[in-house]
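Notes to accompany the following structure.
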Amino acid sequence: MRTPQRIFCTLLLLFIFGATTPGYAEQTQAPATPPTENAATAPTPAQQKSLRVQVRVQHGSNSTASLANLPVLLQAARARGPFEPTAPAPEMELTAITNENGVAIFENVPESLITRGLRIHAIVHYGGISFVSNPITPSASSVIDLKVYEKGHDPSGIAISNLRTIVEPWEDYMIFTQFWTLTVNGPNAIDVSLLSDPKFERGLPLALPTKAQGIHVSGAGEANVINSIVFWQGVLVPGQAVTLQVRFSMSVKSSEFVYEQTMDYPANNIEVIAPLQTQYAKVPRLDGLEMVAPGFDVSAGAGLGGLRSDMEFLTATGKKVEAGQSYKFALRGLPFGQPPGPWIALALGLAAAIFVFIYARHEHKRMQSPAAIREAIVALAEEKDLLMDELTLLETAYRDGDLEEESYEISSLHLRERIALILKKIHDLEAAVA
């Protein structure tokens, strides 16, 4: 009996203990919850990495004005292409304020900017002008130097650091795509709209050839086209180039085309590029194209000028032009020939001239015979009589007051000259048959 009693007592104690111990049943019966996938893969704060970027705002001139408390914008964007007139849209923007030393510090910049191949640049607004730094590749501790300038009003420092012209044929036109890189030399930034010279009343004038058609402008600032002149309005900052894209066309009718353009500002380098592959369906390739460019270094080959390596080009580079001077180049072997109409007209005209020449020689020989000369004398005598009758009527009208003196003098002089010439001709012909 002792053994059953002991088992019974043991079970009773276990039951009482399990009922009175909080959470015991739940701990022994509830299964463990497995971790979710998101919880296993989500990075912890310690795993997240970031960059630290400093933007040092400095004066580009001799100004001593404070650069503290300036809002600085940090942007990240892809690299700008060589033929993009405008900067790519930013994919990230952060804002910070400069301290008493003109330094703005950006913490927690995403490290993913490096792996995505983006570049960063800073923008600050100072003295009514926005200044943009050069883009750099981000690193663990990046430093961006950004210079600001005071406003200037002297346009003498405006220059074209580079002018690239791409020339392509299209049906009866030459299509031109120009990339103007504007700069300013000097200690101050220039807002073109604030220049007092009447020359800049509508903006910075960029003159194109007078025969330019369909002019279209894109890029920084604003542009207005009047006739063949592009008037650009914007801000030029020392050390910061401004790129404009100007597209236009010019009519061409022959296989040789000469282009000339006068520069209003000094140009440090002018480039001309002619692709040998075209979008012209009738002539997809220009195998016979030649370029003549005085003062340029002319080359031919694939991938020249930083262009596509799978295309061939004719290039002319290295030309430097002062303000008021012009540059010129010629293209030969273009797929534009004279239409057949003018040549047909020329051939018909030549045939007609030959016929008239032969007929005139025949008539000249015939008129040398005595019979023909006597016929000519009779005809001239009849014409002389008609002119004498006309002169008599003219004198009668003048005496009767029906004709003014000035009109009478002019008409009678003309008739008398005609009569004198006929009399001389009759005299010469009579002498020939005598």
Side-chain angles (χ1 to χ4, degrees), residues 55-65 67 70 72-73 80 82-87 102 121-136 144-165 178-208 217-225 229-246 261-271 318-327:
V55 178
R56 299 185 302 195
V57 182
Q58 302 170 342
H59 282 290
S61 57
N62 296 325
S63 177
T64 58
L67 297 176
L70 291 177
V72 179
L73 182 64
R80 183 174 180 176
F83 300 114
E84 288 188 275
T86 57
H121 63 271
I123 303 173
V124 65
H125 196 70
Y126 174 80
I129 299 177
S130 294
F131 297 89
V132 184
S133 71
N134 294 323
I136 66 169
I144 298 177
D145 289 321
L146 176 55
K147 293 183 178 182
V148 295
Y149 298 83
E150 304 295 335
K151 287 183 182 179
H153 303 279
D154 183 10
S156 61
I158 298 176
I160 311 297
S161 64
N162 190 78
L163 173 59
R164 170 173 284 191
T165 301
Q178 290 189 332
F179 296 90
W180 295 69
T181 304
L182 309 178
T183 59
V184 61
N185 301 316
N188 299 321
I190 293 180
D191 187 341
V192 176
S193 63
L194 301 179
L195 295 176
S196 58
D197 191 332
K199 174 182 178 181
F200 304 96
E201 181 179 1
R202 294 186 176 92
L204 187 71
L206 306 175
L208 303 177
V217 185
S218 60
E222 299 180 359
N224 185 28
V225 179
I229 301 178
V230 176
F231 292 94
W232 178 80
Q233 290 189 352
V235 178
L236 295 175
V237 178
Q240 296 182 11
V242 175
T243 302
L244 300 179
Q245 183 189 81
V246 181
Q261 184 173 8
T262 301
M263 305 301 296
D264 292 325
Y265 317 97
N268 297 327
N269 183 51
I270 298 178
E271 302 175 288
K319 180 71 172 180
K320 186 175 182 179
V321 175
E322 298 297 332
Q325 295 181 348
S326 62
Y327 71 96

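What you are looking at is a predicted structure, and each value in this text was computed from that prediction instead of being measured.
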Give every donor-acceptor pair under 3.5 Å between a side-chain atom in residues 186-206 and any protein atom, sequence neighbours left out.
unit_1, atom_1, unit_2, atom_2, d
D191, OD1, S193, N, 3.2
D191, OD1, S193, OG, 2.8
D197, OD1, K199, N, 3.0

If every non-hydrogen atom of [X] is compared with every non-hydrogen atom of [Y], which pair is closest and at what distance?
| X | Y | result |
| --- | --- | --- |
| A122 | L146 | O-CD2, 4.0 Å |
| S326 | T262 | CB-OG1, 3.6 Å |
| H153 | P155 | O-CD, 3.5 Å |
| V55 | V72 | CG1-CG1, 3.9 Å |

Next on the checklist: If I take atom CG from residue N134 and atom CD from residue Q240, how far apart are they, to the nearest 0.5 angstrom?
Outcome noted: 7.0 Å

Checklist entry - Which distance, rounded to the nearest 0.5 Å, do you find between the NZ of K319 and the CG of N269? => result 11.5 Å

Who pairs with [X] by side chain to side chain donor-acceptor pair (under 3.5 Å), at least two apart in sequence or on another chain?
| X | value |
| --- | --- |
| W232 | none |
| N268 | none |
| Y265 | none |
| T165 | Q178 |

Next on the checklist: Between L182 and I160, is there a side-chain heavy-atom distance shorter than 4.5 Å?
Outcome noted: yes

Checklist entry - Is there a side-chain contact between R80 and T243 (heavy atoms, below 4.5 Å)? => result yes

Next on the checklist: Just by distance, no angles: are the side chains of H121 and S133 close enough, under 3.5 Å, to form a donor-acceptor pair?
Outcome noted: no

Next on the checklist: Assess the residue pair V230 and W180 against the criterion (side chain to side chain contact (heavy atoms under 4.5 Å, CB included)); give the C-alpha distance rounded to whole Å, side-chain angles, the decisive distance to 0.1 Å, and a yes or no.
Outcome noted: CA-CA 11 Å; V230 176; W180 295 69; over 6 Å; no

Next on the checklist: Please determine whether the number of non-hydrogen atoms from other residues, nucleotides or ligands lying under 6.0 Å from atom CD of Q325 exceeds 12.
Outcome noted: yes

Checklist entry - Per the ring pair (Phe, Tyr, Trp, His ring centres under 6.0 Å) rule, which among Y126, Y149, F131 passes with H59? => result Y126

Next on the checklist: Filter on salt bridge (charged side-chain N to carboxylate O under 4.0 Å, His left out), then keep only pairs touching residues 145-163, sequence neighbours left out; what's left?
Outcome noted: R56-D145

